[in-house]
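The next block holds one structure in the form of structure tokens; read it before the comments.
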Amino acid sequence: MGTPSNVKLLDENGIRLDGRGPQELRPIRLRTDVLERADGSAMIEWGGNKIIVAVYGPREAYPKHTQDIEKAVIKARYNMAAFSVDERKRPGPDRRSVEISKVISEALTAAVMVELFPRTQIDVFIEVAQADAGTRIASLTAASVALANAGIPMRDFVVGCTVGKVEGKVVLDLSKEEDNFGQADLPVAVLAKTGEVVLIQMDGDLSKEEFNEGMSMIMTATARIHEIQRTALSEKYKEMDMGGAE
Ligand code: UDP
């Protein structure tokens with residue numbers, strides 16, 4: 001984070017490098033049933049991000065000491081492919097992926113009716129094939145749909161988006177350049193119906209006013225992104241009606 005003087009992120013009319021206005025999302029495509037062997041799956045394309053999520057379970061938690069006698073344990077594993085970023089990423093977990101897996105597991109636990117499945121685990125495998133900033137919130141948005149696709153009872157959907165600050169302005173859904181060279185990055189995920197915040201992290205600095213402005217942009221955007229989640233799930237049922245894919 002930090003703006004080198006040669007990278008101009010906003011033009012004189014406040015338009016961003018990729019042509020978006022401050023409150024505009026990148027294009028989002030989301031679909032379910034992309035994998036045959038998972039209990040539920042989803043793929044999201046969000047800007048240049050391409051992410052596949054596979055859900056398995058609930059099944060008996062193993063090793064046994066990881067069992068919770070009162071509820072299912074959600075084990076999300078976020079993984080970035082070596083070829084997903086400009087500079088080849090060393091395969092395997094690193095501090096960042098362990099942290100993202102943890103915050104995603106916690107956010108999903110708030111949405112799933114975990115109390116219905118004591119002693120079990122629900123695995124959520126997240127594979128980032130191409131990364132373009134905002135992968136944690138795109139992963140969560142898709143994971144929530146993959147869980148619903150697996151038929152796992154949920155009280156609500158998790159839906160995420162980021163805001164950030166570039167050249168002193170609060171903007172929605174940071175691009176890779178804005179994430180790299182902007183002044184702040186605030187990924188947030190909420191429960192769609194209640195608006196309860198289930199993930200919030202911040203890199204950089206925002207004033208209280210900028211934070212409030214950003215949160216209000218997030219709430220408007222997540223309502224729209226939730227519509228995309230609902231459409232992705234209903235498309236599946238449309239296909240079934242027509243005798244198409246199961
Ligand atoms: N990134 C990268 N190499 C890495 C980690 C991240 O190039 O080892 C890029 C990737 O495009 C990612 C972006 O930096 O989407 C922002 O990463 P951040 O840690 O802020 O998480 P994200 O915004 O993806 O949730």
Side-chain angles (χ1 to χ4, degrees), residues 1-4 7 9 16-18 20 22 24-30 42-53 74 76-108 110 124-146 158-167 170-190 197-206 210-211 214-215 217-218 221-222 225 228-229:
M1 213 141 281
T3 320
V7 180
L9 297 169
R16 298 153 76 177
L17 280 182
D18 56 10
R20 286 183 293 153
E24 227 175 297
L25 287 167
R26 292 175 289 177
I28 301 175
R29 287 176 58 204
L30 180 55
M43 177 173 180
I44 193 161
E45 291 173 69
W46 182 326
N49 293 307
K50 290 186 204 287
I51 302 167
I52 294 187
V53 182
I74 299 195
R77 196 205 61 179
Y78 167 101
N79 181 54
M80 261 173 133
F83 51 81
S84 65
V85 284
D86 289 334
E87 210 165 294
R88 179 182 180 276
K89 185 195 163 289
R90 208 164 149 230
D94 54 18
R95 273 180 63 163
R96 176 176 171 276
S97 67
V98 169
E99 171 208 310
I100 295 179
S101 300
K102 181 173 185 291
V103 292
I104 288 181
S105 300
E106 287 171 1
L108 293 174
V124 180
F125 293 104
I126 298 163
E127 298 294 331
V128 179
Q130 192 169 284
D132 188 34
T135 57
R136 75 194 65 204
I137 50 88
S139 299
L140 256 176
T141 302
S144 185
V145 167
V158 180
V159 48
C161 196
T162 63
V163 282
K165 184 158 91 165
V166 298
E167 300 190 9
V170 179
V171 298
L172 187 70
D173 187 19
L174 297 185
S175 68
K176 179 80 169 61
E177 294 77 16
E178 292 168 342
D179 186 300
N180 284 357
F181 305 119
Q183 296 148 296
D185 172 17
L186 177 71
V188 179
V190 299
V197 173
V198 291
L199 176 146
I200 185 159
Q201 298 185 286
M202 187 157 96
D203 193 7
D205 280 320
L206 288 176
E210 288 163 346
F211 177 84
M215 285 306 282
M217 281 160 72
I218 294 265
T222 48
I225 300 162
I228 298 172
Q229 291 179 310

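Predicted model only: the values in this text are computed from it and were never measured. Remember, it's 1-based here, ligands and their atoms both numbered in the order they're listed. These values consider heavy atoms only, across backbone and side chains, with no hydrogens, waters or symmetry-generated copies.
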Do the non-hydrogen side-chain atoms of Gln229 and Ser144 ever get within less than 4.5 Å of each other?
-> yes
For the atom pair OG (Ser139) and CH2 (Trp46), what is the distance rounded to the nearest 0.5 Å?
-> 10.0 Å
Proximal protein residues to ligand 1, non-hydrogen atoms under 4.0 angstrom = Met80, Val85, Arg96, Ala131, Asp132, Ala133, Gly134, Thr135, Arg136, Lys176, Asp179, Asp185
Salt-bridge test for Asp94 and Arg96: reply yes if a basic N is under 4.0 Å from a carboxylate O, no otherwise.
-> no
May I ask you to say whether Glu127 pairs ionically with Arg77, meaning some side-chain N is under 4.0 Å from a carboxylate O?
-> yes
Spacing of CD1 belonging to Ile51 relative to CG belonging to Asn79, to within rounding of 0.5 Å = 11.5 Å
Can you find a heavy atom in the side chain of Met215 that is under 4.5 Å from one in the side chain of Leu206?
-> no
